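Everything on this sheet refers to the single structure shown next.
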Amino acid sequence: MTFPFDNTWARLPEAFFRRVDPTPVRAPRLLQLNDDLAEQLRTDPEWLASDDGVAVLAGNRRADGAEPLAMVYAGHQFGSFVPQLGDGRAILLGEITDTAGVRRDVQLKGSGPTPFSRQGDGRSALGPVLREYLVSEAMAALGVPTTRSLAALATGEPVMREGPIPGGILVRVARSHIRVGTFEWFAARRDHENLKILADYTIRRLDPEAARSDRPYHALLEGVVRRQAELIAHWMQFGFIHGVMNTDNMAISGETIDYGPCAFMDGWHPEKVFSSIDHSGRYAFARQGSIGLWNLTRFAETLLPLLHESEERAIAEATEILESYPEQHTSALRRRLTAKIGLTPSESSWELVQQLLQIMADDQADFTLTFRHLPAALDSEQDSDADVLPFMRLFDSQDRIEQWLVRWRQQHADTDRSQAQDRMRRHNPVFIPRNHRIEQVIQAAYAGDLTPFRKLHGVLQRPYEQQPDCSEYEQAPQPHEIVRATFCGT
Ligand code: AMP
Ligand code: MG
């Protein structure tokens, strides 16, 4: 048995990748397998869980049809261009057309050195593997476009970081791993021939609409702009901070990719930063929208030779497309955030959102709990009622939030109350992967106990449902549990 591979990246010119086999590990152990995703990939989960399947997932045996390779890419990291990055800690095994007819990459992350490995490492610690598994699957359950996790493994080998810690491998599935940085690789080398091959491949694979257009490269840029405008608003709906929005971590598919120092906010503040390496706050929560445009501008620059033979015309046409981004992103954000308070976008509903966010920021109110407890406050005019208390308790300044509730209820005066509450509940999850829970899961896993991982993962599969047995997972961290910084997966 094997994966039903049908590879296309490996058919591209040699300049697109380096062939490299995963490096076997000593004692691989399957910690988590995503059965549903395996079935979508037309692969038997029982085989994947067998010794033979685990050997494939660990990189100890090459599956039939696999053509392991490291993809090339460059990228702007914290604003500076790095001409050579590439898969340094990941190896693409191959592609599978899933049950919905969508081509998906299957990639091992942490499976040993490649020609692009920083310091020849190529390994991953177990903590970041479990973290990416949990967060990516939570994002999928929330409805956010994302790469998926097929399996998490322990390697039975230590990796050297500050000291030795247990190693892990994540088996990641993506609509494709083509990044803005993939285009930058060829653009930086002025390799227009391969740039065109890449753009044509991308259009065929990711953008059938662009393929039918009479200006396919313009349509490609438009599609990428549209998907990022929406994706970043979608993150912000849940208080998600990606943490390292370098251009090599922006997927052309519009999926969230590369969960490193990411975090869901507890106490709300627009300038919040978690990443331990983001000293300037470049990737702070509220900057994500404009960073999206900065990255898309780098993408557009790579496409100039394909947009028009006159560079001047190409720049004018790319600029026009990029100029559509702020409006697209803002309207996506308004639609999503006004829905969180049960309303549709308008001047007055957006003003209410802004006012609420200001009060939340001043009081450091928990982002998820605020919106999760808001619907109940529509039923009652009495802010001292039991069902409004969980909401009121999140704020220091009771007067201010009471006045806000009055204005909010006024805007709901002519709307159907239960419809509004439904809208809120569809946009406001009960459960998010809270940083302190992820930390606890990782610490327990290092101590050999995977029960907390499994329990948290189970809860996050149904984020919009109340799960009375699991209410402790709703709670914000206690002061001593607050996680203030998150780290890259290296
Ligand atoms: P990232 O910060 O994870 O997006 O990675 C940036 C670059 O560093 C990419 O080229 C990665 O492949 C490479 N890299 C990250 N972690 C490792 C590692 N543990 N070993 C080798 N290369 C790595
Ligand atoms: Mg990356």
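Indexing begins at 1, ligand by ligand and atom by atom, following the structure's order. Computed from a predicted structure; not experimentally measured.
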*What is the ring orientation for His76 with Trp294, classed by angle as parallel under 30°, tilted 30 to 60°, or perpendicular over 60°?*
perpendicular
*Check the angle between the aromatic planes of His329 and Tyr325 and answer parallel, tilted or perpendicular using the 30° and 60° thresholds.*
parallel
Taking heavy atoms and a distance under 4.0 Å, where does [X] meet ligand 1: side chain, backbone, both or neither?
X	value
Gln84	neither
Asn246	neither
Asp258	side chain
Arg123	backbone

*Ignoring water, what protein N, O or S atoms are under 2.8 Å from the Mg ion (ligand 2)?*
Asn249 OD1, Asp258 OD2
Numbering the atoms of ligand 1 from 1, which are under 4.0 Å from a heavy atom of [X]?
X	value
Tyr73	9 (C), 10 (O), 12 (O)
Asn249	4 (O)
Leu85	7 (C), 10 (O)
Gln77	6 (C)
Arg161	19 (N)
Gly86	9 (C), 10 (O), 11 (C), 12 (O)
Asp248	4 (O)

*asked:* Would Arg179 and Tyr73 count as a cation-pi pair here, with the cationic atom under 6.0 angstrom from the ring centre and within 45° of the axis?
replied: yes
*Measure from NZ or CZ of Lys340 to the centre of the six-membered ring of Phe371 and say whether it is under 6.0 Å with the direction within 45° of the ring axis.*
yes
Counting distance only, does the side-chain N/O of [X] pair as donor-acceptor with the main-chain N or O of [Y] below 3.5 Å?
X	Y	answer
Gln288	Tyr283	no
Arg205	Arg175	yes
Asp87	Met71	yes
Thr182	Ile178	no
Arg89	Gly110	no

*Kindly give the heavy-atom pair with the smallest separation between Asp52 and Trp47, and that separation in Å.*
OD2-NE1, 2.9 Å
*Would you mind telling me which of Asp21, Thr23, Leu69, Val20 makes a side-chain contact (heavy atoms from CB on, under 4.5 Å) with Thr114?*
Val20
*Proximal candidate to atom 20 (N) of ligand 1 [heavy atom criterion; set Ser117, Gly260, Gly122, Pro261]*: Gly122
*Taking atom types as modelled, is there a side-chain donor on Trp268 or Asp366 under 3.5 Å from an acceptor on the other?*
no
*State plainly whether the residues Asp98 and Arg103 are in salt-bridge range, i.e. N to O under 4.0 Å.*
no
_ligand 1 N/O within reach of Arg118 N/O, cut-off under 3.5 Å_ = yes
*What do you reckon, does Asp87 have a nitrogen or oxygen under 3.5 Å from a nitrogen or oxygen of ligand 1?*
no
